[in-house]
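Single-structure report; data block below.
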Amino acid sequence: MTTELQALREAAAALLDKRWPETRVRELMATDTGHDEAGWRDMAEMGLLGLAIPAEFGGMGAGHTEMGVVMEEMGRVLLCAPFLSTVLATQALLLAGSDAAQKDLLPGIAAGTTRATLAYVEPGGDWEPSAAKTTAKQDGSDWKLDGEKAFVLDGHTADVLLVTARTSDGLSLFRVDAGAPGVERKALPTLDLTRKLTHVT
């Protein structure tokens, strides 16, 4: 534990203790959105939402060690916020290899103004890429997606869904604006009330 890591842990712990005491977490668990807007802005200002995002996109460019330290503190307070879905979306964007998508989405994610999540799992709960049944076909300059995704973390409040779909070239990742025509989102019951799950059609 370096001095820098310890300072990061203490700063994250102070914010989390202030914004997510047990009483507040219990209140948020009972809401439809499951998170606190003021706390989310504080996390963005501290740089936590952009922790793993490269500096060129407005992030801190930190690695897995720093992320682990922060997430330990989040687990300690049972954070009720769409942080894990943000991390998954960020990693999908960084690994997908699209410079245009990274420039378009990552600065907003780091600033807390864009909420993104990864819509990957098919109904039935199968994570295997071979199980993907959602399809995408080109329609002029646009793409038309057809299918369903289950257990989408924070899909009910996300602005952007990163959806895996099968094309003639194989499995691809598509940006879908959550409010686009034809997108339907339905909240799912969960055992862990600090995590909101959504079924997306």
Side-chain angles (χ1 to χ4, degrees), residues 5 8 12 40 43-44 46-72 74-75 79 81-138 142-178 180 183 185 195-200:
L5 283 174
L8 176 62
W40 189 252
M43 288 174 68
M46 185 179 281
L48 298 182
L49 303 184
L51 196 61
I53 294 176
E56 64 187 289
F57 301 120
M60 295 179 68
H64 295 299
T65 303
E66 291 83 359
M67 186 65 72
V69 165
V70 169
M71 292 187 84
E72 280 181 355
M74 291 178 175
L79 176 70
F83 186 78
L84 181 56
S85 54
T86 297
V87 171
L88 293 174
T90 296
Q91 292 304 308
L93 284 166
L94 291 173
L95 294 170
S98 170
D99 292 339
Q102 291 170 8
K103 289 175 184 175
D104 183 37
L105 292 172
L106 290 176
I109 292 174
T113 56
T114 300
R115 288 195 184 90
T117 190
L118 182 63
Y120 183 86
V121 182
E122 298 281 330
D126 200 332
W127 285 80
E128 290 299 320
S130 59
K133 294 181 178 64
T134 300
T135 60
K137 293 182 180 178
Q138 200 153 13
D142 294 325
W143 287 83
K144 184 175 285 188
L145 275 66
D146 184 20
E148 300 175 68
K149 295 296 179 178
F151 314 115
V152 180
L153 267 176
D154 304 304
H156 65 306
T157 57
D159 306 305
V160 175
L161 307 168
L162 300 178
V163 182
T164 53
R166 193 168 297 286
T167 71
S168 58
D169 295 325
L171 204 58
S172 297
L173 190 65
F174 292 86
R175 171 197 173 146
V176 176
D177 291 329
V183 176
R185 299 180 285 176
R195 299 217 190 274
K196 304 295 186 182
L197 296 176
T198 311
H199 188 97
V200 178

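- In this structure the side chain of T157 never reaches within 4.5 angstrom of the side chain of K196, judged on heavy atoms.
- Atom OG1 of T86 sits about 12.0 Å away from atom CG of L51, to the nearest 0.5 Å.
- Listed here is the closest heavy atom pair of L106 and I53: O-CD1, 3.7 Å.
- With S85 as reference, D154 is the one residue of L118, D154, T90, L197 to meet the side chain to side chain contact (heavy atoms under 4.5 Å, CB included) rule.
- With values rounded to the nearest 0.5 angstrom, E56 atom CD is found 8.0 Å from K103 atom NZ.
- Pairs passing the salt bridge (Lys or Arg N to Asp or Glu O under 4.0 Å) check and including a residue from residues 167-176, sequence neighbours excluded, read D104-R175, R175-D177.
- M67 and A52 make their closest contact through CE-CB, 3.5 Å (heavy atoms, listed as atom of the first residue, atom of the second, distance).
- Nearest heavy atoms, A178 versus A158: CB-O, 3.1 Å.
- Checking V121, L145, L173 one by one against T164, the side chain to side chain contact (heavy atoms under 4.5 Å, CB included) holds for a single residue, L173.
- Annotation: side chain to side chain donor-acceptor pair (under 3.5 Å) contacts involving residues 106-124, sequence neighbours excluded, comprise H35-R115, E37-R115, E122-T134, E122-K149.
- Checked by atom type and distance alone, the side chain of Q102 pairs as donor or acceptor with a backbone atom of L93 at under 3.5 Å.
- With hydrogens and angles ignored, the 3.5 Å screen pairs no side-chain donor or acceptor of R195 with any backbone N or O of L84.
- R166 contributes atom CZ, which lies 10.0 Å from atom OG1 of T135 (distance to the nearest 0.5 angstrom).
- F83 is listed as a side-chain neighbour of L49, based on a closest heavy-atom distance under 4.5 Å.
- When every heavy atom of A111 is checked against every heavy atom of A44, the shortest pair comes out as O-CB, 3.3 Å.
- Scanning all heavy atoms of the two residues, the minimum distance from L5 to E66 falls at CD2-CG, 3.7 Å.
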Give the intermediate values and the outcome of side-chain contact (heavy atoms from CB on, under 4.5 Å) for residues V160 and I109.
-> CA-CA 10 Å; V160 175; I109 292 174; over 6 Å; no
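- Side chain of Q91 to backbone of L88: no donor-acceptor contact under 3.5 angstrom is found.
- Across all non-hydrogen atoms, the minimal contact from A110 to G58 is CB-O, 3.7 Å.
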